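No experiment lies behind these values; they were computed from the predicted model shown. Keep in mind that the numbers below use all heavy atoms, side chains included, and drop hydrogens, waters and symmetry copies.
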Amino acid sequence: ERIKRLDEIGFIWSVRPDPVDQWKDRLEELKAYKIKHGDCMVPQRYHENVQLGTWVHTQRRHFKLMNEGKKSSMTREKAAILDSLGFVWSANQNQPNKPEQE
């Protein structure tokens with residue numbers, strides 16, 4: 001009876017957001033970041049969106065785990081989506097590309 005009454009008033013039973021929805025939300029934020037900054041190199045401690053910076057770092061970590069055959073939330077599908085945006089999998093690659101000298 002109590003559960004029924006709580007359901008009727010729209011009580012939300014889940015404390016944590018759905019991971020799929022959360023991933024899609026951060027992806028949209030990454031797309032907006034790329035439009036604004038021209039790349040996907042979100043600093044880990046990005047002051048304008050701390051969650052996005054943390055998420056980008058987590059994607060890199062889980063990509064590495066996936067490639068090592070370890071437990072990871074990264075999938076080949078997610079990696080392909082990020083690749084299509086020009087996602088950089090190693091933060092060490094953030095050095096500007098220098099033109100090749102002839």
Side-chain angles (χ1 to χ4, degrees):
E1 181 63 32
R2 288 181 185 170
I3 292 173
K4 182 179 176 185
R5 282 191 274 159
L6 288 169
D7 283 340
E8 288 172 354
I9 62 168
F11 185 80
I12 299 172
W13 294 97
S14 175
V15 177
R16 301 180 99 189
D18 178 44
V20 173
D21 290 341
Q22 197 171 25
W23 196 90
K24 289 177 182 177
D25 290 345
R26 293 291 102 71
L27 179 65
E28 292 306 312
E29 292 171 6
L30 180 62
K31 289 176 182 178
Y33 178 94
K34 183 176 181 180
I35 290 168
K36 182 176 180 181
H37 298 278
D39 60 41
C40 295
M41 294 298 299
V42 182
Q44 187 173 350
R45 291 176 179 81
Y46 181 49
H47 69 277
E48 290 182 37
N49 186 339
V50 176
Q51 289 179 327
L52 179 60
T54 300
W55 181 82
V56 166
H57 174 74
T58 301
Q59 300 316 296
R60 290 186 180 120
R61 185 168 45 85
H62 279 267
F63 181 76
K64 181 179 179 187
L65 290 171
M66 178 186 72
N67 285 334
E68 292 172 350
K70 297 178 181 175
K71 185 177 178 180
S72 167
S73 63
M74 180 58 62
T75 64
R76 295 286 172 205
E77 180 183 52
K78 288 179 181 177
I81 291 168
L82 292 169
D83 278 338
S84 73
L85 293 176
F87 192 84
V88 178
W89 293 105
S90 172
N92 296 331
Q93 293 177 357
N94 66 351
Q95 303 299 322
N97 291 337
K98 296 180 182 178
E100 293 182 8
Q101 295 180 345
E102 295 181 24

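Within the model, atoms CG of Asn67 and CZ of Arg76 stand 5.0 Å from one another, a figure rounded to the nearest 0.5 Å. With values rounded to the nearest 0.5 angstrom, His57 atom NE2 is found 8.5 Å from Arg45 atom CZ. Distance check, rounded to the nearest 0.5 Å: CD of Gln44 to OG1 of Thr58 gives 8.0 Å. Going from atom CG of Leu52 over to atom CG of Asp25 covers 11.5 Å, rounded to the nearest 0.5 Å.
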Please set out all donor-acceptor pairs under 3.5 angstrom arising from side-chain atoms of residues 78-85, sequence neighbours excluded.
| from | atom 1 | to | atom 2 | distance (Å) |
| --- | --- | --- | --- | --- |
| Lys78 | NZ | Ser73 | O | 3.1 |
| Asp83 | OD1 | Trp89 | NE1 | 2.6 |
| Ser84 | OG | Ile81 | O | 2.6 |

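Here the shortest heavy-atom pairing between Ser72 and His62 reads OG-O, 2.7 Å. Shortest non-hydrogen contact noted between Arg60 and Val88 is NE-O, 2.8 Å. Considering all non-hydrogen atoms of both residues, Cys40 and Lys34 come closest at SG-CD, 3.9 Å.
No more than 12 heavy atoms of other residues, nucleotides or ligands shown are found within 6.0 angstrom of CD on Gln51. Under a cut-off of 6.0 angstrom, the local environment of CD in Glu77 is sparse, with at most 12 non-hydrogen atoms contributed by other residues, nucleotides or ligands.
With sequence neighbours left out, the side chain to side chain contact (heavy atoms under 4.5 Å, CB included) criterion links Lys4 to Glu8. Applying the salt bridge (charged side-chain N to carboxylate O under 4.0 Å, His left out) criterion to Lys64, with sequence neighbours excluded, gives no partner residue. With sequence neighbours left out, the salt bridge (charged side-chain N to carboxylate O under 4.0 Å, His left out) criterion links Arg26 to Glu29. Residues meeting the salt bridge (charged side-chain N to carboxylate O under 4.0 Å, His left out) test with Lys36, sequence neighbours left out: Glu48.
Residues in residues 16-35 take part in these ring-ring contact (aromatic ring centres under 6.0 Å, His included) pairs, two or more places apart or across chains: Trp23-Trp55, Tyr33-His37, Tyr33-Tyr46.
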Does the side-chain contact (heavy atoms from CB on, under 4.5 Å) test come out yes or no for Val56 and Leu30, once each step is laid out?
CA-CA 8 Å; Val56 166; Leu30 180 62; 4.2 Å; yes

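Using a 4.0 Å cut-off between charged nitrogen and carboxylate oxygen, Glu1 and Arg5 count as a salt-bridge pair.
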